[in-house]
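Notes for the one structure printed next.
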Amino acid sequence: MKIATWNINGVKARHDVLLAWLEEAAPDIACLQEIKSVDDAFPGTAFEELGYRVETHGQKGFNGVAILSKVPLDDVSRGLPGDETDTQARYIEATLAHEGRPLRVGCLYLPNGNPLGTEKFDYKLDWMARLERHARACLEREEAFLLLGDYNVIPEPRDARNPQNWTDDALFQPESRSAFRALTNLGLADAVRLANQDEAVFTFWDYQAGAWQKNNGIRIDHVLMSPEATDRLDGVGIDAHVRGWEKPSDHVPVWVTLAA
DNA sequence: ATGCCTTGTCGCACAAGA
């Protein structure tokens, strides 16, 4: 079973590229972020014709997440628990069956947090604290689950081509990195780092200043896995070539495959 | 030091992104 995450930066602008990637990569589950669409306006027909069910949690103009799935989804839940006043659409999760056992998939778009010294950075850290509490609750069930998406965190210096350029950025603050580390310290595995310890493993390249051509990237899209899911981990990949397609997102897909 | 692009918006410039 192949499960992927991709920040597509607008589902309407990315419709054809998303369709081409789904046909090429053929994931069973695709977790999407920044759909920038309300639920009713999500252009799902072409994806449904490929065999995907579509579950969205959208809002107008910004943010928005979705799960496309070739297998049935149960208990679809929208919004990250822990703050009923949070109106930003950044989290959706659902349960599916993998080899006869439940697998919970959480699709997340973590707040960017810039600029520093504003309520936006506080919101990022509050959101990460809620995510840790949610991860703890999920772990207590001792079942397989994935928390995957755009974390907007550069975990370590080797996860940026030019880490010195990010020292004043919310993505690379000690508080952001510590909050991400709190998740891995719970026992959640960073799938890409289980498979690949190299430098220059990136998932995002800015649209500006020829970042893609210079390979001036960062690794901010992550797949975190519970121990029960890691037991079944079979493969990990980053579809970086998609960044070179016409009209690309600035992020690329990251995926894992689970064995029986 | 700043902008460099891209997307969506009750557009005709701007906010937000990272």
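Remember, it's a predicted structure, so these values are computed and weren't measured experimentally. In the text below, chain A, chain B and the rest are named by the order of the sequence lines, each starting its count at 1.
Nucleic acid contact class of A:Asn112 (heavy atoms, under 4.0 Å, all strands): base. Using a 4.0 Å heavy-atom distance criterion, A:Asn152 is classed as a sugar-phosphate-only contact. Counting non-hydrogen atoms under 4.0 angstrom, A:Lys124 reaches nothing in the nucleic acid. Backbone-only engagement by A:Asn7 is indicated by non-hydrogen atom pairs under 4.0 Å involving sugar-phosphate atoms exclusively. Residue contacts for A:Phe172: at a heavy-atom cut-off of 4.0 Å it reaches no nucleic acid atom on any strand shown. As judged by a 4.0 angstrom heavy-atom cut-off over every strand, A:Asp150 is placed among residues touching the sugar-phosphate backbone only.
Picking from B:dT9, B:dG17, B:dG8 the nucleotide with the shortest atom distance to the side chain of A:Ala13 gives B:dG8. Comparing B:dA18, B:dA16, B:dT7 by their closest approach to the side chain of A:Arg14 singles out B:dT7. Of the candidates B:dT7, B:dA18, B:dA16, B:dT7 carries the atom nearest the A:Lys36 side chain, counting heavy atoms from C-beta on. Here the nucleotide nearest the side chain of A:Asn114, chosen from B:dA16, B:dA18, B:dT7, is B:dA18. Considering only the side chain of A:Tyr109, B:dA18 comes nearest among B:dA18, B:dA16, B:dC4.
In this structure, NE2 in A:His57 is found 11.0 Å from CD1 in A:Ile67, a value given to the nearest 0.5 Å.
Residues A:Phe180 and A:Tyr151 place their aromatic rings such that the two centres sit under 6.0 Å apart.
Comparing the P positions of B:dC10 and B:dA16 gives an interatomic distance of 13 Å, to the nearest angstrom. One C1' atom belongs to B:dC14, the other to B:dA1, and the distance between them is 22 Å to the nearest Å.
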